[in-house]
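Here is the structure we will look at, set down as structure tokens.
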Amino acid sequence: MSRRAARAPGCDTHDMVLVHRVFRREFGLLADIVEVTSPNDVEQVARISEHAREMLTALHHHHGCEDELVWPRLRSAQVDSALVECMAAQHDEIDSAMRRVDAELAEWEHQGGTETVDLLVDDLRRLHAVLTEHLRLEEDSVLPIVAETLTESQWAEFGKVDLASLPKGRALIFLGHIAEEADEREWAEFLSRVPVPIRLLYRLFGRRGHARETALLRRDLASIGKVVK
């Protein structure tokens with residue numbers, strides 16, 4: 001890509017859709033996973049809590065990157081201000097839902113009673129509902145505007161900062177989450193924009209690490225007839 005092309009408005013935002021799939025799937029599954037997990041299984045409770053907090057942190061940073069690198073640029077371009085403000089307001093609503101889930105996770109880890117489980121499951125389902133609505137609106141109404149407004153270099157900056165927010169080593173696992181629902185073409189295009197060293201590490205360690213972790217997290221879902229491929 002030439003420097004002139006990188007500075008010209010217009011970018012491919014489909015990578016964002018792949019990331020959104022991860023958040024939709026994982027927060028949807030978490031409610032079911034918590035519901036079928038015995039509170040006496042201390043090791044599994046700790047494993048699930050760690051995964052839930054990692055997803056909460058990843059979503060928090062993802063939205064922070066949008067707040068810092070996407071919404072201001074859309075405002076500067078004088079696009080539909082009501083839509084941008086709606087996105088920001090939904091971020092606040094989702095942030096409140098995430099804080100409730102985080103608090104309930106601590107209660108679940110330390111008490112684990114039926115009432116605590118029910119509250120956590122309800123909070124996870126509410127978070128999933130508001131998040132799903134937000135992502136739907138963002139994909140349907142905002143990403144088409146972003147694709148016409150931001151340059152390739154600006155969009156690449158967003159992706160780089162978003163990926164860098166993950167703890168070292170965990171980015172490899174997150175790549176596995178993205179790969180789960182990406183078709184062959186989507187995955188090849190996404191991976192082509194990932195630095196070569198990270199690609200290599202993913203093939204050597206990340207793919208197996210992701211498979212191992214998700215198998216443990218989802219091991220009891222079959223008891224409610226839920227199979228995740």
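Taking all atoms of both residues into account, the shortest heavy-atom contact from Leu216 to Gln44 is O-NE2, 3.0 Å. For the pair Val161 and Cys65, the tightest heavy-atom approach, listed with the atom from each and the gap, is CG1-SG, 3.6 Å. Among all heavy-atom pairs drawn from Arg203 and Arg207, the shortest one is O-NH2, 3.7 Å. Taking both residues in full, the closest heavy atoms of Arg53 and Ala106 are given as NH2-N, 3.5 Å, listed atom of the first, atom of the second, then distance. Taking every heavy atom of both residues into account, Leu105 and Ser49 meet most closely at CD2-OG, 4.0 Å. Nearest heavy atoms, Cys11 versus Glu152: CA-OE2, 3.5 Å.
Rounding to the nearest 0.5 Å gives a distance of 12.5 Å between OG1 of Thr132 and CZ of Phe23. Between the CG atom in Leu172 and the CG atom in Leu204 there is a gap of 9.5 Å [rounded to 0.5 Å]. Atom CG of Leu163 sits about 5.5 Å away from atom CD1 of Ile198, to the nearest 0.5 Å. Within the model, atoms CG of Asp95 and CG of Asp102 stand 10.5 Å from one another, a figure rounded to the nearest 0.5 Å. Here the straight-line distance linking atom NE2 of His61 with atom CG of Leu166 works out to 8.0 Å at 0.5 Å rounding. Between the CE atom of Met98 and the CG atom of Leu131 there is a distance of 8.5 Å, given to the nearest 0.5 Å.
Taking 4.0 Å as the cut-off between side-chain N and carboxylate O, Glu133 and Arg136 count as a salt-bridged pair. In summary, Arg24 and Glu181 do not engage in a salt bridge, as defined by a charged side-chain N under 4.0 Å from a carboxylate O. For the pair Arg126 and Asp123, the salt-bridge criterion is met [side-chain N within less than 4.0 Å of a carboxylate O].
Looking only at side-chain heavy atoms (C-beta outward), His177 and Thr214 come within less than 4.5 Å of each other. Side-chain contact between Cys86 and Gln90: present, with at least one pair of heavy atoms (C-beta onward) separated by less than 4.5 Å. Between Glu186 and Ile178, the closest side-chain pair of non-hydrogen atoms is not below 4.5 Å. For the pair Ile145/Leu83, a side-chain contact is recorded, criterion being any heavy-atom separation below 4.5 Å from C-beta on. Contact check for Leu127 versus Leu56: side-chain heavy atoms found under the 4.5 Å cut-off. Contact of the Gln154 side chain with the Leu69 side chain is not registered, since no non-hydrogen atoms from C-beta on lie closer than 4.5 Å. Contact annotation: the side chain of Val101 never approaches that of Phe27 to less than 4.5 Å [non-hydrogen atoms, C-beta and beyond]. Counting heavy atoms from C-beta on, the side chains of Leu59 and Ile94 come closer than 4.5 Å.
Checked against ring pair (Phe, Tyr, Trp, His ring centres under 6.0 Å), Trp155 has the following partners two or more places apart in sequence or in another chain: Phe158.
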Going through the checks in order, is the side-chain contact (heavy atoms from CB on, under 4.5 Å) test met by Ile33 and Asp220? CA-CA 7 Å; Ile33 291 172; Asp220 298 322; over 6 Å; no
Check the pair Glu54, Arg170 against side-chain contact (heavy atoms from CB on, under 4.5 Å), reporting the backbone distance first and the verdict last. CA-CA 9 Å; Glu54 183 169 74; Arg170 299 308 297 172; 2.5 Å; yes
Between Glu50 and Glu109, does the side-chain contact (heavy atoms from CB on, under 4.5 Å) criterion hold? Intermediate values first, please. CA-CA 10 Å; Glu50 183 178 7; Glu109 287 178 289; over 6 Å; no
What's the verdict on salt bridge (Lys or Arg N to Asp or Glu O under 4.0 Å) for Arg218 and Glu180, showing C-alpha distance, side-chain angles and the deciding distance? CA-CA 14 Å; Arg218 302 169 186 175; Glu180 273 197 65; 2.9 Å; yes
Start with the C-alpha distance between Thr116 and Leu120, add both sets of side-chain angles, then the distance that settles side-chain contact (heavy atoms from CB on, under 4.5 Å), and finish with yes or no. CA-CA 6 Å; Thr116 302; Leu120 177 55; 5.6 Å; no
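Using a 3.5 Å distance cut-off with no hydrogens or angles, the side chains of Arg73 and Ser76 do not pair a donor with an acceptor. No hydrogens or angles considered: nothing links the side chains of His51 and Glu213 as a donor-acceptor pair under 3.5 Å.
Enclosure of atom NE2 in His60 is not indicated, since only 12 or fewer non-hydrogen atoms of other residues, nucleotides or ligands lie within 6.0 angstrom. Other residues, nucleotides and ligands contribute over 12 non-hydrogen atoms within 6.0 Å of the CD atom of Glu189.
Hydrophobic clustering, with ILVMFWY side chains joined whenever heavy atoms are under 4.5 angstrom apart, keeps Ile173 apart from Leu191. Taken together through direct or relayed side-chain contacts under 4.5 Å among Ile, Leu, Val, Met, Phe, Trp and Tyr, Val45 and Leu119 form parts of separate hydrophobic clusters. Both Val22 and Ile48 are part of a single hydrophobic cluster, where members link through side-chain heavy atoms under 4.5 Å apart. Side-chain heavy atoms closer than 4.5 Å link hydrophobic residues (I, L, V, M, F, W, Y) into clusters, and following such links, even through other members, never connects Val42 to Val34.
Between the side chain of Arg199 and the backbone N or O of Val194, at least one donor-acceptor pair lies under 3.5 Å. Between the His210 side chain and the Gly206 main chain, no donor and acceptor come within less than 3.5 Å of each other.
Note on ring orientation: taking the six-membered ring where Trp is involved, the planes of Trp187 and Phe190 are parallel (angle under 30°, cut-offs 30° and 60°).
The stretch residues 80-103 participates, sequence neighbours left out, in these ring-ring contact (aromatic ring centres under 6.0 Å, His included) pairs: His63-His91, Trp71-His91, His91-His134.
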